[in-house]
Amino acid sequence: MDNNRHDRIRAVQWQGDHLRLLDQRRLPSEESWIACREADQVTTAIRDLAVRGAPAIGIAAAWAVALAALREEPLAPALSRLRAARPTAVNLMWALDRMQRHIDAGANPAALLREAQAIQDEDLAANRRMGELGASLIAPGSGVLTHCNTGSLATAGFGTALGVIRAGTAAGRIDRVYAGETRPWQQGARLTMWELMQDGIAAQLIADSAAAHLMKSGVVQWVIVGADRIAANGDTANKIGTYQLAIAAKYHGVKFMVVAPSSTVDMATGTGEEIEIELRDSAELLGTGGVRTVVEGAQAWNPVFDIAPAELIDVIVTERGVIERPNSIAMQAMFGC
Ligand code: MRU
């Protein structure tokens with residue numbers, strides 16, 4: 001496929017002496033960049049969703065560790081503040097563990113910079129591979145529904161679920177793309193639609209609550225989503241709303257695909273029950289764009305991820321290969337313990 005047309009967005013950029021992050025909170029109305037010159041600025045950017053998406057926050061955290069080493073900041077407290085920035089996406093902990101192993105082995109700042117670059121490069125390569133693998137499962141002429149943003153913004157580039165959509169569209173397998181709005185933060189409306197428009201891929205936005213009705217109409221054959229953490233039995237944590245999409249897909253005979261790199265697989269976590277679900281500020285639900293829309297005094301519950309149980313997932317696509325009907329045995333065979 002023509003990657004120059006389909007793969008130009010790079011939201012996490014190392015600039016030689018600082019990290020440049022595309023501020024995703026301002027898209028699509030404004031493309032503004034944050035220059036991080038200290039690790040704690042990256043921690044804040046992760047916590048406040050300036051950089052978001054499981055692989056992207058892992059990559060940003062790896063650069064933050066290298067930045068801390070370059071500036072001779074104390075590494076242990078910087079790493080522990082990064083680790084606490086968000087709880088659900090395991091790519092954050094995975095990247096920090098990988099950097100920690102190099103620190104323990106006596107790596108100097110230059111070696112840590114090389115490791116952060118390797119993490120970023122490997123993610124891009126994984127996404128391209130998953131794009132091919134996932135697209136090959138889709139029959140020509142299919143319609144797909146995706147949720148949240150899983151594209152270049154959420155990764156080193158190309159994307160996970162959105163990478164499959166990019167590759168599937170280029171290969172003529174996907175004819176129709178629908179993106180759920182993804183309340184409350186609207187990653188689908190604000191980010192996925194922006195990426196698809198940049199690529200010239202025709203797509204239609206739907207309200208999250210229109211998904212079951214869309215499936216019933218027969219125009220989508222696959223729901224394709226990313227993941228923030230995949231447990232050892234295949235249970236998958238992803239953006240809130242994913243679970244209800246998986247239930248509706250099963251009911252309507254629509255196939256359900258999870259696309260994520262092996263850095264999202266957490267074999268130390270047995271099932272989805274053990275995954276911590278991030279709860280965010282109720283203000284994200286009680287207003288839109290900073291403007292209060294709900295009566296003063298009202299309260300809200302705002303979990304931002306949920307768990308799709310393995311039995312509702314038809315296929316998990318990683319760069320190592322495809323797992324159909326995931327369970328503990330199939331996961332063990334591909335990822336070991
Ligand atoms: O809260 P966010 O925007 O970081 O959540 C992102 C998601 O849930 C994505 O679907 C997931 O990280 C996969 S990104 C390739």
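Indexing begins at 1, ligand by ligand and atom by atom, following the structure's order.
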Any donor-acceptor N/O pair, [X] side chain to [Y] backbone, under 3.5 Å:
X	Y	value
Thr192	Ala189	no
Thr264	Asp228	no
Asp235	Thr271	no

Practice task
Compute the minimum heavy-atom distance from Val259 to ligand 1 and say whether it is under 4.0 Å.
Solution key: no
With nothing but distance in play, are any N or O atoms of [X] less than 3.5 Å from an N or O of ligand 1?
X	answer
Thr160	no
Ala154	no
Gln187	yes
Ala54	yes
Thr150	no

Heavy-atom check, side chain of [X] versus side chain of [Y], under 4.5 Å:
X	Y	value
Cys148	Arg52	yes
Arg166	Glu195	yes
Trp63	Ile119	no

Run the numbers for me: atoms of ligand 1, each under 4.0 Å from some heavy atom of [X], listed by number.
X	answer
Thr155	15 (C)
Arg86	1 (O), 2 (P), 4 (O)
Pro55	14 (S), 15 (C)
Phe305	1 (O), 5 (O), 8 (O)

Problem - Glu122/Arg98 salt bridge by N-O under 4.0 Å criterion - result: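 The answer is yes: the pair qualifies as a salt bridge.
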Practice task
Compare Gly53, Gly151, Cys148, Ala227 and give the one whose heavy atom is closest to atom 13 (C) of ligand 1.
Solution key: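 Residue with the shortest heavy-atom distance to the ligand atom: Ala227.
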Handout entry: Nearest neighbour of atom 12 (O) of ligand 1 from the list Thr182, Asp228, Ile57, on a heavy-atom basis
Key =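 Checking each option, the heavy atom nearest atom 12 (O) of ligand 1 is found in Asp228.
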Handout entry: Co-members of Ile277 in a cluster of I, L, V, M, F, W and Y side chains, linked at under 4.5 Å
Key =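 Result for Ile277 is Ile275, Val304, Phe305, Ile307.
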Closest approach of any protein heavy atom to [atom], naming residue and atom:
atom	answer
atom 5 (O) of ligand 1	Lys239 CE, 3.3 Å
atom 10 (O) of ligand 1	Asn238 OD1, 2.9 Å
atom 3 (O) of ligand 1	Arg52 NE, 2.5 Å

Exercise for the section: Sort and list the pairs that fulfil salt bridge (Lys or Arg N to Asp or Glu O under 4.0 Å) and have at least one residue in residues 76-93, not counting sequence neighbours. Expected result: Asp40-Arg81, Arg83-Asp97, Arg86-Glu278
Exercise for the section: Check whether more than 12 heavy atoms from other residues, nucleotides or ligands sit under 6.0 Å from atom CD of Glu273, and answer yes or no. Expected result: no
